[in-house]
Amino acid sequence: MTEAFVRAARTFLDAHLPPRAPRSATDRVALLEEIDSAREAETLRAAKRWQALLYDAGFAELDGERAREFAALLAEYEVPDLQPLLVGLHIVAPAIREHGSAELKARYLPRLLRGELTACQLFSEPDAGSDLAAVRTRAVREGEDWIVTGQKVWSSGAHHADLGEALVRTDPDAPKHAGLTLMLVDMRAPGVEVRPLRQMTGGASFNEVFLTGVRVPDADRIGPLNGGWKAAITSLSSERAALGGAVDAVPPDLVERLAEQARRRGLAGDPAILRRLGRLRAALAAARLTGQRADLDPAAAASISKLLVNRAVAQAVETASAVLGPALAADTGDGYAWTEFVLGSPALRIAGGTDEIQRSILAERHLGLPRDPR
Amino acid sequence: MNELRALVRAFCADTLPMSAVRERLGAGYDPALWRRFAGELGLAGLAVPEEYGGAGQTLAEVGDVQMELGRALAGLPFLSSAVLATYALLGCDDEDARKTWLPRLASGETTGTLVSGDVRVAGGRLSGTAAPVLDGATAGLLLVVAGDGLYVAEDARRIRLESLDATRPLASLTFDGTEARRIGGVPSPVPGLAALAAEMAGGARRAMEMAVEYAKVREQFGRPIGAYQAVKHACAELLVDVEAAASLAAWACAEPGAEAASTAKAYCGDAFVRVATECVQIHGGIGFTWEHDAHLYFKRAHASRVLLGTSEEHYERIG
């Protein structure tokens, strides 16, 4: 069975993708995929083409074992970057699938999953970060529509998104978790304004989104009125699982590339460097294996794996510093690409629920410790 | 938890509660208990093939047993006899040695251990000292690594060592022209490393549970200390350490290989020390007392981490 699957997958991949080219030591090694704006349109087109091929051939949504087998095969090919579609695929689609009406699912799900539509999240606000349920963006009913006004922030890909998954307040008098509704905003509707935010990396992959009297049909609501918190949790958990479970944020050849840098600098046999590389290998293996554990509650596995990825990334940063030395601080022509990795590392501890939030989740839900004040 | 782990957990709860572990501190294991472990449970020969009187199970099952023994801080000679000596015999070139010793190890009639240290061989005789040796004072079969070979030694001058972890007996063995028979090359370190990793992962889990249980009931400033993020987040980090250690130990036992074994041994050792250290810290002053069990895990963690090679040696190997 599995052999037949692997054969079919290989035939498909051979037909559509070139074999993976060897990497060079000077290639980019970024944690945050920041697509430069000149290439962005082309990257988006390529992502959509590739996702449509995957979807039509039945490889877009695979279960655990097959997903692993397929991922292993993918490593042998030059694979188009699906990054511009990930929010739609792994964050927005799961909420629609679980909470949306039949009509909403029919309207958006196939197009999202096929990569025809891209999506962004409109969750966080300037005063609602880790305390997401404090969102203040208001939606007021007007006939069959909602009129939405407020400010959203940290919206990755909002500048190219077709749809925004917005968490808005529909009942200001209800307790804060009970007055929220989730809805899909047409990002090209009048009143939607997207402003890029420049990050510490210098790039701009996320945005502020200003919503001023934006009209949203009630038919585009995800889940029940004032039931938005539960629907939003589905998105957050899916995001956590996608981020942590796959350990995808970390370049798969991270250790090999650091080892290669060590060799180029005559540090190949240095015991201190070998120990750092060994620790890093172990930390990455721990993150990867824990994310795949079948005997763990999936939510716990996702939170633990995310914290383990961040521990590994911190070790990778230390190792890069020890191996590269001054080449990390100035572009001497060899190794400066690692600055992108170092500069991206703080983001992983913040995005998708900060490390602190993950620890509270684990302590409360999985160890049974008292809840934080809310 | 699978059946095997449940069986060992029940056995330990019945025969080795902490009071019993404490009673034998520094005294070594109870031979009668090991005979029950071998006879009633059939676990002394868990990894011994059926043709030699064992259960013919794999390193994965060995890991299950070790996880539970580590959790209970059991001082039984499972690691020395049922893992190190057993796998050394299984991998050696001498069928006579296997036929002679494996059934006796499996039945619990005797125990064996693997002796590795500053031991030289010349003209079929061993000289030198190895320390510390697991269960070296009591083992009936001494398998000695010397030069590029593995030897069965007649006997040795044995001195029981005072040790940090009084739940696990260690000895110094001296050979002085001792007769020995070569039975093969240097045995693979993989089974011992993987099994020790599993044991440490099991110990770490119990230490975490103790810390979390205490954080729920100990109140200060009118609230359980586990309500304060400084403590509850520390507990969450322990869970991260414990599950990561369990993942790596399971990997090393399920897919035995040099990289997995070194990875798991080093990581589980460091994780166990971190968890046992925090377990004392979360208990505060009571955790530093002799009457509390936290120190037993702390000592087991530090003593185990430096067995079979330090974390640094193993990280260097896989780097």
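Reminder, nothing fancy here: chain letters follow the sequence lines and each chain counts from 1. Note that the structure is a prediction, hence the values are computed from the model and not measured. Excluded from the calculations below are hydrogen atoms, water molecules and symmetry mates; all remaining heavy atoms, backbone and side chain alike, are included.
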J.: Above 12 or not: heavy atoms from other molecules or residues under 6.0 Å from CH2 of A:W154?
T.: no

J.: For B:Y228, does the six-membered ring have the charged nitrogen or CZ of B:R223 within the cation-pi criterion, i.e. under 6.0 angstrom from the centroid and within 45° of the normal?
T.: yes

J.: Judged by atom type as modelled, is there a donor-acceptor pair below 3.5 Å linking the side chain of B:E61 to the main-chain atoms of B:T58?
T.: yes

J.: Sort B:D241 into side chain, backbone, both or neither according to what part of it lies under 4.5 angstrom from a heavy atom of chain A.
T.: both

J.: So which of A:A283, A:S360, A:A285 has the biggest tally of heavy-atom pairs under 4.5 Å with chain B?
T.: A:S360

J.: Return yes if some donor-acceptor pair links the side-chain N/O of A:D297 with the main-chain N/O of A:A300 below 3.5 Å, else return no.
T.: yes

J.: Against chain A, label B:A266 side chain, backbone, both or neither, depending on which of its atoms sit under 4.5 Å from a heavy atom there.
T.: neither

J.: With a 4.5 angstrom heavy-atom cut-off, could you sort out which part of B:E213 is near chain A: side chain, backbone, both or neither?
T.: neither

J.: Check this for me: A:K230, atom NZ, are more than 12 non-hydrogen atoms of other residues, nucleotides or ligands nearer than 6.0 Å?
T.: no

J.: Name the member of A:L289, A:L277, A:D295 that forms the most heavy-atom pairs with chain B at distances under 4.5 Å.
T.: A:L289

J.: Does any backbone or side-chain atom of A:L296 lie under 4.5 Å from a heavy atom of chain B? Answer side chain, backbone, both or neither.
T.: side chain

J.: Is A:R279 in contact with chain B via its backbone, its side chain, both, or neither, using a 4.5 Å heavy-atom distance?
T.: both

J.: Could you check whether the rings of A:F5 and A:F70 sit parallel, tilted or perpendicular, using 30° and 60° as the cut-offs?
T.: tilted

J.: With A:R276, which residues qualify under side-chain contact (heavy atoms from CB on, under 4.5 Å), at least two apart?
T.: A:E318, A:T319, A:A322

J.: Which region of B:Q229, side chain (C-beta onward) or backbone (N, CA, C, O), has a non-hydrogen atom less than 4.5 Å from a non-hydrogen atom of chain A, or is it both or neither?
T.: side chain

J.: Looking at A:I304, A:V255, A:I273, which makes the most heavy-atom pairs under 4.5 Å with chain B?
T.: A:I304

J.: Heavy atoms only, distances under 4.5 angstrom: which of B:A260, B:A227, B:A264 has the most pairs with chain A? Name it, please.
T.: B:A227

J.: Looking at A:D355, A:T290, A:L307, which one has more heavy-atom pairs under 4.5 Å with chain B than the rest?
T.: A:T290

J.: Non-hydrogen atoms of chain A under 4.5 Å away: do they reach the side chain of B:A234, the backbone, both or neither?
T.: neither

J.: Taking the side chain from B:K265 and the backbone from B:A195, do they hold a donor-acceptor pair closer than 3.5 Å?
T.: no

